[in-house]
Asks: 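One structure is given below, represented as structure tokens, and several questions about it will come after.
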Amino acid sequence: MTHFHRAIREIEEKLGLTSLKQLAKVAGVQTVFRIVSYYADNRAHHSVATIICGRHEKPSLEVQYLEFLDNQTIHHTIEQKALEQFMTIIHRVRFDTLTYPIEQLSHSQTIWSLQRAVGRFTHEVMINPHRQDKPYRYLINGIDGYLSDAVREITV
């Protein structure tokens, strides 16, 4: 486990989040995404955005910022069309098979951990959102374009 993996897990633990596996097992839930934003330079509050896609309910986006607003959850709405566009990107880049070169994270000031759970299957890709290598730039642009509330920086 890398330093970055430990830092991401520590953020999730400090916020007391339910694991993706547990969320994905809830009846009616099809897919769960989690985006953890880690700022190595501490210029902003680390954050975790969880997106739950169910069969019969509108998708939800819940964001928590570590040590901001007493770690309270901020609820956002996601338009179905935006979520569909993001899901299209996930499928086109074959997200479930991606791995990110760890050496490209070593000098990054910002790291995003994009996690996905479907049933018992989970996958995680850590990315440097300031690099523009294919296919990761499609993920970065998809998050910025369709899920911008998930990675909004709240400065310290």
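Along the sequence shown, the residues carry numbers beginning at 1. Source: prediction; values computed, not measured.
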Asks: Please output the side-chain donor-acceptor pairs of residues 148-156 that fall under 3.5 Å, not counting sequence neighbours, one pair per line with the distance.
Replies:
residue	atom	partner	partner atom	Å
Asp149	OD1	Arg152	NE	3.3
Asp149	OD1	Arg152	NH2	2.3
Asp149	OD2	His76	ND1	3.4
Glu153	OE1	Arg43	NE	3.4
Glu153	OE2	Arg43	NH2	3.0

Asks: Around Asp70, counting heavy atoms of other residues, nucleotides and ligands shown, do more than 12 lie under 6.0 Å from its CG?
Replies: no
Asks: Can you get from Tyr100 to Tyr39 by hopping between Ile, Leu, Val, Met, Phe, Trp and Tyr side chains that sit under 4.5 Å apart?
Replies: no
Asks: Would you sort out whether Leu139 and Trp112 count as a side-chain contact (heavy atoms from CB on, under 4.5 Å), showing the intermediate values?
Replies: CA-CA 11 Å; Leu139 289 174; Trp112 289 350; over 6 Å; no
Asks: Ile127 versus Ile111: any side-chain heavy-atom pair under 4.5 Å?
Replies: no
Asks: In the single-linkage hydrophobic clustering (I, L, V, M, F, W, Y; side-chain heavy atoms under 4.5 Å), do Leu61 and Val32 co-cluster?
Replies: no
Asks: Kindly compute the distance separating NE2 (His5) from OH (Tyr38), expressed to the nearest 0.5 Å.
Replies: 13.0 Å
Asks: Go through it in stages, so that I can follow the logic: the residues are Thr77 and Lys58, the test is side-chain contact (heavy atoms from CB on, under 4.5 Å), and I'd like the CA-CA distance, side-chain angles, deciding distance and then a yes or no.
Replies: CA-CA 8 Å; Thr77 58; Lys58 290 184 177 183; over 6 Å; no
Asks: Verify whether the ring centers belonging to Tyr65 and His45 lie closer than 6.0 Å.
Replies: no
Asks: With heavy-atom distances below 4.5 Å as the criterion, would you say the side chains of Leu20 and Phe33 are in contact?
Replies: no
Asks: First locate atom CZ of Arg55, then atom OG1 of Thr31, and finally report the distance between them rounded to the nearest 0.5 Å.
Replies: 9.5 Å
Asks: Compare all side-chain heavy atoms of Met126 with those of Leu105 and state whether any distance is below 4.5 angstrom.
Replies: yes
Asks: Give the ring-plane orientation class for His123 versus Phe95, where under 30° counts as parallel, over 60° as perpendicular and anything between as tilted.
Replies: perpendicular
Asks: Under 4.5 Å between side-chain heavy atoms, hopping through other hydrophobics if needed: is there a path connecting Ile140 to Leu98?
Replies: yes
Asks: Has the side chain of His75 got a donor or acceptor atom that lies under 3.5 Å from a matching backbone atom of Glu62?
Replies: no
Asks: Going by side-chain contact (heavy atoms from CB on, under 4.5 Å), Val48 matches just one of Val63, Ile11, Ile35. Which one?
Replies: Ile11
Asks: Contact between Leu83 and Cys53 at the side-chain level, heavy atoms closer than 4.5 Å - yes or no?
Replies: yes
Asks: Enter the distance from His130:NE2 to Gln104:CD here, rounded to the nearest 0.5 Å.
Replies: 13.5 Å
Asks: Can you confirm whether more than 12 heavy atoms, excluding those of Arg92, are under 6.0 Å from its CZ atom?
Replies: no
Asks: Under 4.5 Å between any side-chain heavy atoms of Ile51 and Ile78, yes or no?
Replies: yes
Asks: Closer than 4.0 angstrom, basic N to acidic O: yes or no for Arg9 and Glu124?
Replies: yes
Asks: Mind checking whether Pro101 and Tyr136 have side chains closer than 4.5 Å, heavy atoms only?
Replies: yes
Asks: Just wondering, do Leu15 and Leu66 contact through their side chains at under 4.5 Å, heavy atoms?
Replies: yes
Asks: side-chain contact (heavy atoms from CB on, under 4.5 Å) between His46 and Asn42: does it pass, once the steps are laid out?
Replies: CA-CA 8 Å; His46 307 303; Asn42 291 315; 3.7 Å; yes
Asks: Is there a continuous path of hydrophobic side-chain contacts, each under 4.5 Å between heavy atoms, that joins Val26 to Val118?
Replies: no
Asks: Give a yes or no on whether a salt bridge exists between Lys14 and Glu10, defined as a side-chain N under 4.0 angstrom from a carboxylate O.
Replies: yes
Asks: Val36 pairs by side-chain contact (heavy atoms from CB on, under 4.5 Å) with which of Leu114, Ile8, Thr50?
Replies: Ile8
Asks: CD of Gln109: more than 12 outside heavy atoms within 6.0 angstrom?
Replies: yes
Asks: With no hydrogens and no angle check, just 3.5 Å: does a side-chain donor-acceptor pair link Glu79 and Gln85?
Replies: no
Asks: Can you hop from Phe4 to Ile143 via hydrophobic side chains spaced under 4.5 Å?
Replies: yes
Asks: Dump the intermediate steps for side-chain contact (heavy atoms from CB on, under 4.5 Å) on Val125 and Thr99, then the final yes or no.
Replies: CA-CA 6 Å; Val125 175; Thr99 58; over 6 Å; no
Asks: Determine the minimum heavy-atom distance between Ala24 and Ala117, stating which atoms define it.
Replies: CB-CB, 3.8 Å
Asks: Restricting to non-hydrogen atoms, name the atom on Ile89 and the atom on Gly142 that form the minimum distance, rounded to 0.1 Å.
Replies: CD1-CA, 3.6 Å
Asks: Mind checking whether Arg34 and Leu17 have side chains closer than 4.5 Å, heavy atoms only?
Replies: yes
